[in-house]
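Input: a single structure, listed below in structure tokens.
No experiment lies behind these values; they were computed from the predicted model shown. Chain letters run A, B, ... following the sequence lines, proteins first and then strands; every chain starts at 1. Basis for what follows: all heavy atoms, side chains included, without hydrogens, waters or symmetry-related copies.
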Protein chains: 2
Amino acid sequence: MSYTRNNITDPICAIATAAGIGAIGVIRVSGKDAITLVNKCFTGKNLEKVPSHTLHLGKFMDGDKIVDEVLASVFIEPKSYTGQNTIELSCHGSPYIQQRILQVLVQQGARLAQPGEFTLRAFLNKKLDLTQAEAVADLIASDSEVSHKTAMLQMRGGFSLQIATLKEKLVNFASLIELELDFSEEDVEFASRPELRELVQHIYNLISELINSFKYGNAIKNGIPTVIAGKPNAGKSTLLNALVNEERAIVSAIAGTTRDTIEEMFVINGIMFRLIDTAGIREHAADSIESIGIERAHEKIKKASIILYLFDALTTTPNDLSNELMLFDGLESIIIPIGNKIDLGDEMQIKKDFKDFKEVIFISSKEKVNISQLTQRLIKIIENDKVNNDIIITNIRHYEALKLSGEALESVLQSMKEQRSGELLAFDIRKAIFHLGEIVGDISTDDLLTNIFSKFCIGK
Amino acid sequence: MSYTRNNITDPICAIATAAGIGAIGVIRVSGKDAITLVNKCFTGKNLEKVPSHTLHLGKFMDGDKIVDEVLASVFIEPKSYTGQNTIELSCHGSPYIQQRILQVLVQQGARLAQPGEFTLRAFLNKKLDLTQAEAVADLIASDSEVSHKTAMLQMRGGFSLQIATLKEKLVNFASLIELELDFSEEDVEFASRPELRELVQHIYNLISELINSFKYGNAIKNGIPTVIAGKPNAGKSTLLNALVNEERAIVSAIAGTTRDTIEEMFVINGIMFRLIDTAGIREHAADSIESIGIERAHEKIKKASIILYLFDALTTTPNDLSNELMLFDGLESIIIPIGNKIDLGDEMQIKKDFKDFKEVIFISSKEKVNISQLTQRLIKIIENDKVNNDIIITNIRHYEALKLSGEALESVLQSMKEQRSGELLAFDIRKAIFHLGEIVGDISTDDLLTNIFSKFCIGK
């Protein structure tokens, strides 16, 4: 897929709504001649003569056969999503009919759109910058309050604005340095070095903050990988159910979006936790300490950000627990030990026994005792990663460009410290500017665009 | 679910596009106050002040939080699908966002629509008659050229028109008879009996024709149940593949619609055959004649309209075939004996051996020899059921109403023959009219409407 400039105006078409049977389906057509093309298959009104942003009921025809009664939304350039003439045909939601309409459009000279091609055109026609275009895909994939909010903020330009501000400051700085270079024989300093150092340091700090937000951003975008581990009969399934039920309304609201994996999603305070099913782990486990060792070795546990280590508070001694927890030493995950089944024992006595384990939460997953204490702990862990900035990086491409930009700035600071030449300063600053520019798409290559837009769904 | 008249104007909302992630999703809101209600959550323009059939970009808000940037299509009553004020919100195709928008609409006083409730309102507001409303559901479910064409014809009123014509003729007849009754003491005959007999006979014939079309109509709507039977190694799977591949383009076009069963669909000349997987049958089969008996007994074979009986033309003798075919005696299905593997033998000799079996088709499913001869035979069988009428009954409700109407007319003919009283004639004619009226919805009960519309998808 090559995004050369010569094929960004030809008419493209795609089904824009989800696959499957629905009440209605929407087919999008965009391109210089999109309206003329659709008009050839549309009876009821001359779509070439209607104003932009109007709706027209008519018949979509294949020659003299009626394919469907459709509603055509007409958008005249530049007032459309892509910035081009665009028609959206709302038809009956039969996959058969939608395919037939596409077939007729293709016969008339339209081309089936590639994934993300409508949004690519929007980008190339400067309706969106690159981060905003990327946010469109994130927005479509968003499945929790926080991931939705972050994508929305990015799509509405919040992130671009911050990058643009940083960039502008750097450009001013670079200009002054480059001015000095022009007057290099006279050994002037237009840019006060202490002030400039402070500015670069400030920008560097902001970039670092954005870089740091990626951990949180990535977690909220993809869900926080969380594992419930523990010996057989510790009550893992019951805890899973208790956690999922705790927020049933929200879970069922996103039910349609659950990915095709063995993971359960649950959302607390708008943050999604991806509860990794330990069924596969469980089947290896015998009722011995060794079994935890097997579990520990398991890839899934290694990948988890949070491990909920469940133990039976009635049958486990503090000494047992110490030994069991030692098996998680060296993992980067955060371990939350959870003593279960306190409804069956003397809660006061149990807490006394385990008084040396400050971090243990005692619950009854069966009777739903203290589950909210656990969910609050989970939220607290995530909020700790949250940085003091509304803008959160969720995209690895941005993360990497920011890192390269940050490295260039680090190099600037180093050069200033060592009083290196202005040429070197200017070079590194331009490098930092370049990488910031990459983020919003000031600089983009076909490869980069292909890579970004091919991840979109068809029809967007 | 009760369709009482007092809740047909309150604002209802539903996702109208298919479930899952798409580029865009559409949420439909209809009701007297639909525009006012949506306007409360929409910034960018006052939707209450815009003309009908216009599109408006804006933000859909939950209080001061932006839920999404949406495109609002405004339809002012009566110029809308339901005949009521309607707004369609086109949003980003994230199930999360769609759910959030619904939540906000419900908070603002809208109600989640029941299946088919938009179309029910269209019916109650006389935008569609009942057969047309039913055709909407058929159209959405249509997955082949012929089922699509039939549903489209019905939605566009072809069937209603034919029913209306029949009905009008009967009403005229009834009026004359009733006029006679008013003058009964004078023993007049306004309606010439021979002419009337001819008319009733004519209408009766038309109704019978429609009734007869149901067999074909039902087949094209649901696909023609077809089984490939035969001994192990006769080449059943290869034939299945050959048939499905024959029309691959069309099969893949309807791939999204394949039902969740073990059936394969294939389409020849726009007619869908539902090839019932005989895997379950095969597992019982041993390589003996008895195995065919087991198969024969099998429910699936009994339900099939067509049985493709495959035999190995090299190893089966004409005598064997006679015996094997006898096992299908008494079934209503049409049996097509198919001699396979002619590529491995002497085709001329084989045909000579089986010269007494005129109906056998000789093929090689492996080398795809004579597959088109088979598909043509299949088409011919279906076309034989086709009646000499553009209008085809596909709906069992219509079929039953037509049958009741036909029975009443039969009774009329009988009464005339026996010269019974005009009262009796009038009664039976009114009965026939009543049942025809049921079809288009002149007469409808809440139960009937509930039954029809509850089969719709949500959002339509």
Atom of [X], atom of [Y] and distance for their closest heavy-atom approach:
| X | Y | answer |
| --- | --- | --- |
| B:G83 | B:E77 | O-CB, 3.2 Å |
| A:F118 | A:A113 | CE1-CB, 3.6 Å |
| A:T119 | A:F453 | C-CE2, 3.6 Å |
| B:V146 | B:T150 | O-OG1, 2.7 Å |
| A:A34 | A:N85 | CB-O, 3.4 Å |
| B:Q154 | B:F159 | CG-CB, 4.3 Å |

- Message: Please identify, among B:K59, B:K79, B:Q98, the residue contributing the most non-hydrogen atom pairs under 4.5 Å to chain A.
- Response: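 Heavy-atom pairs under 4.5 Å are most numerous for B:K59.
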- Task: Would you mind telling me which of B:C457, B:A18, B:S90, B:S147 has the largest number of heavy-atom pairs within less than 4.5 Å of chain A?
- Result: B:A18
- Per-residue contacts, residues 43-54 of chain B versus chain A, heavy atoms under 4.5 Å: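 Near chain A, by residue number: B:H53, B:T54.
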- Item | Residues of residues 62-70 of chain A contacting chain B, heavy-atom criterion under 4.5 Å, by residue number |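 Heavy-atom contacts from residues 62-70 of chain A to chain B are A:K65, A:I66, A:V67, A:D68, A:E69.
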Any heavy-atom pair between the side chains of [Y] and [X] that's under 4.5 Å?
| X | Y | answer |
| --- | --- | --- |
| B:Q108 | B:C41 | yes |
| B:L112 | B:I458 | no |
| B:I24 | A:E88 | yes |
| B:L139 | B:H148 | yes |
| A:M272 | A:I224 | no |
| A:V29 | A:I12 | no |
| A:S94 | A:I21 | no |

- Message: Using a 4.5 angstrom heavy-atom cutoff, name the option from A:M155, A:R100, A:H92 with the most pairs to chain B.
- Response: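 The answer is A:H92.
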- Query: When only pairs under 4.5 Å are counted, which of A:R28, A:R156, A:E145 shares the most heavy-atom pairs with chain B?
  - Reply: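 Sorted descending by pairs with chain B, the first entry is A:R156.
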- Query: In terms of heavy-atom proximity below 4.5 Å to chain A, should B:Y81 be classed as side chain, backbone, both, or neither?
  - Reply: neither
- Message: Which atoms of B:L71 are under 4.5 Å from chain A, going by heavy atoms: the side chain, the backbone, both sets, or neither?
- Response: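 The side chain, not the backbone.
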Is it the side chain or the backbone of [X] that comes within 4.5 Å of chain B heavy atoms, both, or neither?
| X | value |
| --- | --- |
| A:I97 | side chain |
| A:A16 | both |
| A:F75 | side chain |

- Message: Please identify which of these residues, B:T17, B:V38, B:I87, B:L102, meets the side chain to side chain contact (heavy atoms under 4.5 Å, CB included) condition with B:I27.
- Response: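 Only one of B:T17, B:V38, B:I87, B:L102 forms a side chain to side chain contact (heavy atoms under 4.5 Å, CB included) with B:I27, namely B:L102.
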